[in-house]
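What follows is one structure encoded as structure tokens, with my remarks underneath.
Scope of the values below: all heavy atoms of this structure, side chains included, with no hydrogens, waters or symmetry mates. Residue numbering restarts at 1 for every chain, and letters A, B, ... go by the order of the sequence lines.
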Amino acid sequence: MTRRRKIVFWLFVLGGLHGIVLCAGFFAPYDPVEQDRINPYLPPMHLHIVDAEKHLHLRPFVYASRLRPGTFDQYVEDIRQTRPLKFFVAGAPYRLFGFLPARLHLFGDGKERIYLLGTDAFGRDQLSRLLFGGQISLFSGLLGAGFTLSIGWCIGAAAGYYGGWRDDMLMRLVELFLALPWLYLLFAVRAFLPLTVNPLKAFFLIIAVIAAVGWARPARLVRGIVLSAKERDFVRAARGFGASSFYILRRHILPETSSVLLTQAAILIPQYVLAEMTLSFLGLGVPEPVPSWGNLLSNLQQYSVLVSYWWMYLPALVMAPFFLGYLGLASALQESSDAYKIEKRSLGSLA
Amino acid sequence: MASVLEIQNLQVSYFSREVRSRPVLSGVSFDLMPGEILGVLGESGSGKSTLAASVLRLLPPNGQVGGGAVLFEGKNLLQVSSEELRQIRGNRIALIFQEPSLALHPTIRVGEQVRRVLAAHQSSGKNDLDHRTREVFNRLFAQEADRILRSYPHQLSGGQRQRVLIAQAIACNPALVIADEPTAALDPVTQMEILRVFRDLREHLGLAMIFITHNPALLAGIADRILILYAGQVVEWGPAETALRSPKHPYTKALFESIPAGTGETEKSRKTSLPVIPGNSSPSSLPRKGCSFEPRCPVRMDVCREFEPPLVKLGQSHIVSCFKYKE
């Protein structure tokens, strides 16, 4: 039961994190591409509940920022201007889940702007960009893993189930793909496309390349399981009773591979999120101004940003809980499937 | 009367990395009449299970049929298309597997497992399938058929599981059932119970059956004819009565002598040691001349080393492969 509870725990953690990113429009106070050109590289504003005169406020507030006199890029808190946080306010219009038009935001201030995570070079709210960028990055990870696993499953199952020369041929192909350097392959694929592509095309290009290269490893794992599953007595019995190949693949072999597929998914998703970030970091992913975690981090390519504006690192930091969640889930799944195998083995020896 | 199944000169061999091709069945021929129960007797490695598997083309990937024919209802099963074969498997010919605990899926209710066999061959409605499944269970389980139908394999005893396998086999009213050591994994009392089930089924359904076993005692009350395999060859084939009571082939004789006497044994006979057949069942990996039983035969002659013995017909349908006998 504790094994199951572990899985449920990690699923809850991941569900919460993904829920926040999914509802980015609600949690983000602003539109991610809206610019505030007079406030570039504004540092994060601190939340206060006690003001300069030691008065306690029930409503958290921030101080407005102003330039430190004599500098042009250093800000200090202006204690004369407080900006209280208002919750559940109407703000910039957005579409919830991509289609439901809405205006409601978790917090904001109708007139004055609040930057809890600072701004970038164009004065765009880093928090909003972070949340919206997560949608692109996580979705490409999920979709990439989905494609990879379905291609990998089909090829691995075919190789293991049919065996013989088909198996040999497919496994040589797997080795070829395992040997490919995917990053440089992507450069090559990118070279065939026009200089500017629209964000949607770029997004699917990334996923296609990730899936085209990544299927090899799951294919090999699935093949191994199928090889042993098809020799099970009850699978032979099913064939003896007139089951078709399709039935056996669907009813007997797919369920056997499900634990490996789940574990692989939990390992592959963060890997692919990272792949998307690498590509966007290099400028090969989704183009500006659309935010993605890789896009946000690509600001760090400038040395001045790297040394001066620490809050530009935040997207990298935000990844950590997601990765932790996925890796925790992967190990919980692994543990439970191993335990299942051990139980099965001991039952078998008793029978 | 036309036979249900006719096997002609069947040759099967297994390939492996070390040995290019190892013959397992060499020239097996027999036929089976409707409603007949044929007992196939042989020790481990004699090719009994291979015989069962090759009828339905269920050999492992490294097994290959080298020649011969399996004629069922006028079709050579070795040549029919795979879709035709799929329709015959489980529907016209059903196989009962050795290990009832392994041949059932561990996480599907046994009723569903029988229902799916029906569903694979009949395109009738859900209610009809449920009804037919229930009928099959009622036939095999005198009591608690409903409870067993809803059980998982691990909730059943070995005998009950074996009955479920039989239910799967007879669900579609096949013309032929091949039972590959159906009682090997069971205790003697349950073995007798299962044998009674087979006897009942034969009486009520009139299906032909191939009953494979290594235990001659099991065949006594159930088989009509008996086929004895040794190293992939038929050494004796005849009516159960004569074959069991007065075996002709030296191997069959030696085999029956090595069975402990049942009831009525005296203190004295219990102390005498059981006769055994000297030597090992010949590994047929090397092609050799002569009779395959010759190295272990107590009555071998010079001719046995040089030539393969012909099939000699004794009486109506009793066939022996030995130089000792002449027609």
Side-chain angles (χ1 to χ4, degrees), chain A residues 4 157-171 223-260 262 336-337 339-351, chain B residues 15 49 52-53 55-62 82-108 110 112-122 153-154 156-158 161 164-165 167-172 174 177-178 180 185:
Chain A
R4 170 162 293 182
Y161 187 76
Y162 293 108
W165 63 270
R166 297 179 187 88
D167 184 24
D168 286 338
M169 200 186 68
L170 288 171
M171 285 304 109
R223 169 189 172 264
I225 294 165
V226 173
L227 274 181
S228 72
K230 72 167 179 178
E231 295 300 326
R232 295 280 180 93
D233 277 20
F234 57 79
V235 177
R236 280 189 60 216
R239 190 170 301 132
F241 284 124
S244 60
S245 290
F246 178 69
Y247 176 90
I248 288 172
L249 278 169
R250 188 169 55 96
R251 287 290 193 160
H252 290 308
I253 289 176
L254 181 62
E256 291 264 331
T257 55
S258 60
S259 75
V260 163
L262 282 176
S336 84
S337 78
Y340 174 60
K341 268 179 206 136
I342 290 162
E343 275 161 22
K344 225 170 23 180
R345 214 174 294 139
S346 61
L347 268 181
S349 66
L350 283 174
Chain B
F15 293 85
S49 297
V55 170
L56 281 176
R57 287 189 2 211
L58 284 171
L59 288 170
N62 64 333
S82 51
E83 176 53 26
E84 241 177 304
L85 187 69
R86 192 195 70 73
Q87 283 168 7
I88 290 170
R89 287 172 176 174
N91 192 22
R92 305 297 303 143
I93 303 179
L95 204 53
I96 298 174
F97 288 86
Q98 273 188 33
E99 277 282 341
S101 49
L102 297 178
L104 290 171
H105 195 287
T107 63
I108 301 174
V110 294
E112 175 65 15
Q113 299 196 41
V114 173
R115 210 181 74 101
R116 284 188 189 173
V117 175
L118 279 166
H121 297 291
Q122 272 142 26
H154 68 269
L156 301 177
S157 72
R161 278 190 284 230
V164 173
L165 287 194
Q168 283 186 309
I170 64 164
C172 294
V177 168
I178 303 173
D180 185 4

Exercise. Who passes ring pair (Phe, Tyr, Trp, His ring centres under 6.0 Å) against Y161(A), sequence neighbours left out?
Worked result: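 Checked Y161(A) against ring pair (Phe, Tyr, Trp, His ring centres under 6.0 Å); zero matches.
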Could you tell me the separation between the [atom1] atom of [X] and the [atom2] atom of [Y], rounded to the nearest 0.5 Å?
| X | Y | atom1 | atom2 | result |
| --- | --- | --- | --- | --- |
| R236(A) | L56(B) | CZ | CG | 10.5 Å |
| I93(B) | F241(A) | CD1 | CZ | 12.5 Å |
| S245(A) | R86(B) | OG | CZ | 10.0 Å |
| R239(A) | L95(B) | CZ | CG | 12.5 Å |

For this session: Kindly indicate, with the supporting measurements, whether the criterion side-chain contact (heavy atoms from CB on, under 4.5 Å) is fulfilled by R116(B) and Y247(A).
Result: CA-CA 11 Å; R116(B) 284 188 189 173; Y247(A) 176 90; 2.7 Å; yes
Problem set entry | Segment of A119(B) engaging chain A (4.5 angstrom heavy-atom cut-off) |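 Answer is neither: A119(B) stays 4.5 Å or more from chain A.
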Problem set entry | Atom group of H105(B) that falls short of 4.5 Å from chain A, counting heavy atoms |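 Both parts, backbone and side chain.
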Indicate the atoms forming the closest heavy-atom contact of [X] with [Y], along with that distance.
| X | Y | answer |
| --- | --- | --- |
| A120(B) | G242(A) | CB-O, 4.2 Å |
| A103(B) | A237(A) | O-CB, 3.7 Å |
| L102(B) | D233(A) | O-CB, 3.4 Å |
| F234(A) | P106(B) | CE2-CD, 3.5 Å |

Problem set entry | By side-chain contact (heavy atoms from CB on, under 4.5 Å) - contacts of A159(A) (at least two apart) |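 With neighbours one apart ignored, the set is D167(A), L170(A), M171(A), R223(A).
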